[in-house]
There are 2 protein chains.
Amino acid sequence: MARYKVGLETQGKILEATRRLLGESGFEAITVKGICAAAGIQAGSFYNLFPTKDEAVLTVVRDAISTFDPDPDGEGNDTVEALVDAYTGFVIKDPELGRVYAHMAVTAALTQDHLAGRIQRHHEQRVERFTNAYVREHPDVSRSLAGYRMEILLGALNGLSIRWSIDPTFDICSYASLMVDELSTTP
Amino acid sequence: MARYKVGLETQGKILEATRRLLGESGFEAITVKGICAAAGIQAGSFYNLFPTKDEAVLTVVRDAISTFDPDPDGEGNDTVEALVDAYTGFVIKDPELGRVYAHMAVTAALTQDHLAGRIQRHHEQRVERFTNAYVREHPDVSRSLAGYRMEILLGALNGLSIRWSIDPTFDICSYASLMVDELSTTP
DNA sequence: CATAAAATTGAGTGTATACTAAAAATTGAC
DNA sequence: GTCAATTTTTAGTATACACTCAATTTTATG
């Protein structure tokens with residue numbers, strides 16, 4: 001753990017580099033060597049501050065998850081539209097972390113054993129939060145149908161996020177808006 | 001290239017193993033050593049038949065793409081429902097290749113440089129085929145709105161495929177049916 | 001400014017990877 | 001059955017990876 005000022009600075013540089021490289025090339029392609037080069041340090045310095053590569057990756061992932069889980073205390077007042085808008089809003093505001101989140105939600109669950117459980121849990125909570133919002137807005141829709149619809153909505157949102165991650169000019173906001181619009185007119 | 005019978009058999013064993021391992025663990029985790037162990041051969045034998053690992057992977061990917069692009073000649077008579085049903089039908093019938101396809105469509109475009117172009121092209125063709133079917137069924141909907149809707153539909157289908165790939169008990173067919181149903185009632 | 005703690009470096013380790021080459025074994029057309 | 005072409009094996013190479021450690025330098029506290 002960092003105790004001196006320089007150590008904290010180095011920690012910051014490492015996390016910044018990790019975040020950028022994760023967003024650029026994903027969970028498979030990231031290497032300690034790459035992180036160190038991007039941070040301008042040597043491997044030994046990295047391991048003075050992080051016990052393993054995965055620990056640095058996990059720190060960034062935790063950061064991405066909490067960023068994209070807006071205002072957890074206000075859960076009882078969500079609307080589906082607000083949740084989707086919050087997501088696309090964050091993606092636009094911090095595309096680097098947005099890419100990390102998209103990779104995480106979709107690819108990392110398949111390929112990163114040490115993250116799979118955490119990602120699965122996050123997905124379930126996310127579906128529940130969206131479903132709660134949806135039933136609150138549509139009391140006449142059964143909870144199970146609402147769950148189906150929100151699973152599809154999040155599947156689509158993840159799919160579109162990957163599309164955007166591959167092609168940064170892809171206008172994810174328009175697609176997300178259209179999706180929410182058409183959802184709100186479905187009886 | 002294989003010229004003797006045993007060579008062709010070995011080629012078959014290699015492709016079978018590659019397909020299974022791709023479906024099980026994805027594009028990042030597959031190794032020549034793993035393929036050879038699963039096929040019951042040595043590395044030298046592999047390289048007698050395939051110039052590189054990527055060539056074996058690409059052969060399986062081509063196979064997956066053509067499997068999930070049903071009856072290309074009948075393009076002019078598609079319906080969106082039939083296209084989605086064909087997709088989920090193939091996924092159920094050959095889950096191994098289905099998993100390969102899902103990994104490919106979503107993760108490989110990000111992480112496998114040698115496949116990215118091919119996957120991008122395939123996706124664009126897929127969107128176009130779906131869009132053509134949709135405008136044929138809904139002549140009153142503009143082509144651009146149809147394109148948006150089909151991009152979302154395919155995003156969702158990809159997202160749900162990944163969900164199914166992570167959790168094989170996930171009932172992708174029900175979700176896909178619901179999606180098509182609700183699409184057909186959208187004006 | 002002395003000193004202990006922390007940070008950094010540089011030069012490693014071991015392991016796994018894709019891929020190769022030479023020799024031995026097998027195949028199949030004649 | 002011969003023999004050249006093909007296939008298989010065995011034993012490698014080179015490279016990239018995560019991670020380590022002893023020596024050196026830097027930090028900050030009294």
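A note on names: the letters A, B, ... follow the listed sequences, proteins ahead of strands, and every chain is numbered from 1.
Ring to ring, A:Phe50 and A:Phe46 are close: their centroids are under 6.0 angstrom apart.
To the nearest angstrom, P of C:dG10 lies 15 Å from CG of A:Asn48. In this structure, the CD atom of A:Gln42 is 14 Å from the C1' atom of D:dT24, given to the nearest Å. Remark: P of C:dA5 and CE of A:Met1 are 16 Å apart, rounded to the nearest angstrom. What separates CD of A:Glu9 from P of C:dA7 is a distance of 11 Å, to the nearest Å. Atom-to-atom, CG of A:Leu49 to C1' of C:dT9 comes out at 14 Å; the value is rounded to the nearest Å.
Looking at A:Arg62 and A:Glu55, a side-chain N of the basic residue comes within less than 4.0 Å of a carboxylate O on the acidic one, giving a salt bridge.
Between the side chains of B:Glu81 and B:Ser184, no donor-acceptor pair of N or O atoms lies under 3.5 Å. Between the side chains of A:His123 and A:Glu151, at least one donor N or O sits under 3.5 Å from an acceptor N or O.
OP1 and OP2 of D:dT7 both lie 4.0 Å or more from every side-chain N or O belonging to B:Thr10.
Within the 4.5 Å cutoff, the side chain of B:Arg118 has heavy atoms near those of the B:Leu58 side chain. At a threshold of 4.5 Å between non-hydrogen side-chain atoms, the residues B:Leu22 and B:His103 do not count as touching. Using a 4.5 Å heavy-atom cutoff, the side chains of B:Leu160 and B:Phe170 are in contact.
Annotation: cation-pi geometry satisfied between B:Arg126 and B:Tyr87 (NZ/CZ under 6.0 angstrom from ring centroid, within 45° of ring axis).
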Contacts under 3.5 Å, N or O only, protein and nucleotides 28-30 of chain D:
{"residue": "D:dA28", "atom": "OP1", "partner": "A:Lys5", "partner atom": "N", "Å": "3.3"}

Exercise for the section: Let me have a per-nucleotide readout for nucleotides 11-23 of chain D, 5' to 3', with B, S or -, counting only protein heavy atoms under 4.0 Å. Expected result: ------SSBBB--

